[in-house]
Amino acid sequence: MARIAVFGAGYVGVCTGVVFSQRGHEVRLVDVVRDKVEALSRGRLPFHEPGLREALSSALAAGKITATVEAGEALRMADFAFLCVGTPRRRDGSPELTYLRSAAREIGRTLRGRSGFLTVVVKSTVLPGTCETVVLPELEKASGLRRGDGFDVAANPEFLKEGSALADAEHPDRVIVGAAAASTADRVWTLYDEFPGPKVSVDCATAEMIKHAANAFLAAKVGLSNEVANLCERIGVDWYGVAQAIGHDARIGGQFLRAGVGFGGSCFPKDVEALARFARTRRAPSGLLDAVLAGNERQPLEVLHLLRREFRSLRAKRVALLGLAFKPDTDDVRETRALPIFRALRRQGAHVVCHDPKALENFRTLVPSVKTASTVEEALRGADACVVQTEWSEYRNLAPARFVAWMRTPVVVDGRRTFDPRTMAEAGVRYRAVGLGAPKP
Ligand code: UGA
């Protein structure tokens, strides 16, 4: 049983804490936002993530996890300090390291005079070199000690996905531990004894690169799917048939080939941009990463292309925009493609009415004037067109006849291939989707 302080109570921090507490460890979640800590202590999450609230409540009830704003108190007896603080994008595309630095300084200040070894484990997404050249120096400076003198740093990137965060953290595809000293890596590995999947030991910079490379590959796969899908739509070929077939090639793989309106979220756009910028600072070419980002900026406009196949103008047309979250099962709207779609529709003069099962309030912080509907029916009633931006099951389960019954003209532009084209067409819906070859005239 280890004592673990987890800094940063976002998706990664809470999942990490809950998963370690489930394995019998004693976890203290540390966050600087007092309201968040109070809510967590009462079993409430500041974001929507399936299953996590229940798991947190069980861990709280078992006395295995607590939350605090007091870093010193959490660290007093700790064997591990996990850094799970955010590294958001700065204006220039580089990651903001303020939270990481200040957590490292705070930990450093408690190191002097403390007994026992503290392994500081960086889970936050950081560029190669950050553990060794940012976190370690902050710890050494604040403590006046040198690495190995009662503490060390390790990198342990996280690969969970929002929407299935807890399950991903419980059953990782692989665990990566980066450390300079074998003894430090061994300490971290004791926490992962019973975890499934391959376990990879590397140095810190390699671990940090693995995280960025994984996200760059996944984002590029989505980007390439989108680009080929756009072509498919224009030549009357269904990308989804193509994707299924090429996915049988193990070198390509069948996942992450879902064409749509582009990738959003707090990771792909930020991490790919950070890596591209990082490459340039090292005078390495970044053309492919740049192209992935540029393609992703264009991709939401595919919706307008599809609408233009049905309407000469969108002026004064009522458009229902279904789905504001960047993906289903989350209320996260960071980098959501709903925002560029919403703006583009408005620029064309459309009246946009938005719906989302969970993300309405968060989207309102991006667009305070947004017109919202509290039910799907309310959004669709009298609409000239509907654009699906997030493939919530709530939408998927809608009978196609509803669109015909509720809408003024049943035009559905599906940005996530939520529906079966044939069933929609049979019900009388004029159905268009990214990558779906246009019906022959
Ligand atoms: C992503 C990675 O999948 C995780 O492995 C990683 O840990 C995480 O970033 C991170 O770095 O923290 P996440 O952003 O939560 O996870 O969600 P994804 O399921 O990867 O989706 C990202 C975006 O890509 C979404 O907007 C989604 O709609 C889009 N996407 C995904 C597609 O358009 N097509 C696909 O085939 C898959």
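Just follow the structure's listing: the first ligand is 1, and inside any ligand the first atom is 1. When reading the values below, keep in mind they use all heavy atoms of this one structure, side chains included, and skip hydrogens, waters and symmetry mates.
Judged by a 6.0 Å distance limit and a 45° cone about the ring axis, R187 is not positioned over the six-membered ring of F80.
To the nearest 0.5 Å, atom OG1 of residue T372 and atom CG of residue D356 are 10.5 Å apart. Residue N296 holds its CG atom at 7.0 Å from CG of N226, rounded to the nearest 0.5 Å.
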Considering only distance and modelled atom types, tabulate donor-acceptor pairs under 3.5 Å from the side chains of residues 126-136, sequence neighbours left out.
unit_1 : atom_1 : unit_2 : atom_2 : d
T130   : OG1    : L127   : N      : 3.4
T130   : OG1    : L127   : O      : 2.6
E132   : OE1    : R147   : NH1    : 3.0
E132   : OE1    : R147   : NH2    : 3.4
E132   : OE2    : R147   : NH2    : 3.1
T133   : OG1    : G129   : O      : 2.6

Mind listing the side-chain donor-acceptor pairs of residues 7-17 below 3.5 Å, one per line with the distance, residues two or more places apart or on another chain?
unit_1 : atom_1 : unit_2 : atom_2 : d
Y11    : OH     : T330   : OG1    : 3.4
T16    : OG1    : V12    : O      : 2.6

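Every salt bridge (Lys or Arg N to Asp or Glu O under 4.0 Å) that D79 has, sequence neighbours left out, goes to R3.
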Pairs under 3.5 Å, N/O atoms on ligand 1 and on the protein: can you put them in a table with the distances?
unit_1   : atom_1 : unit_2 : atom_2 : d
ligand 1 : 5 (O)  : F159   : O      : 2.9
ligand 1 : 7 (O)  : F159   : O      : 3.1
ligand 1 : 7 (O)  : L160   : N      : 3.3
ligand 1 : 7 (O)  : L160   : O      : 2.7
ligand 1 : 7 (O)  : K211   : NZ     : 3.2
ligand 1 : 11 (O) : K211   : NZ     : 2.6
ligand 1 : 11 (O) : N215   : ND2    : 2.7
ligand 1 : 15 (O) : E162   : N      : 2.8
ligand 1 : 17 (O) : K327   : NZ     : 3.2
ligand 1 : 19 (O) : K327   : NZ     : 2.8
ligand 1 : 26 (O) : G264   : N      : 2.9
ligand 1 : 26 (O) : F326   : O      : 3.0
ligand 1 : 28 (O) : R416   : NH1    : 3.3
ligand 1 : 33 (O) : R416   : NH1    : 3.3
ligand 1 : 34 (N) : R258   : O      : 2.8
ligand 1 : 36 (O) : L257   : N      : 3.4
ligand 1 : 36 (O) : R258   : N      : 2.9

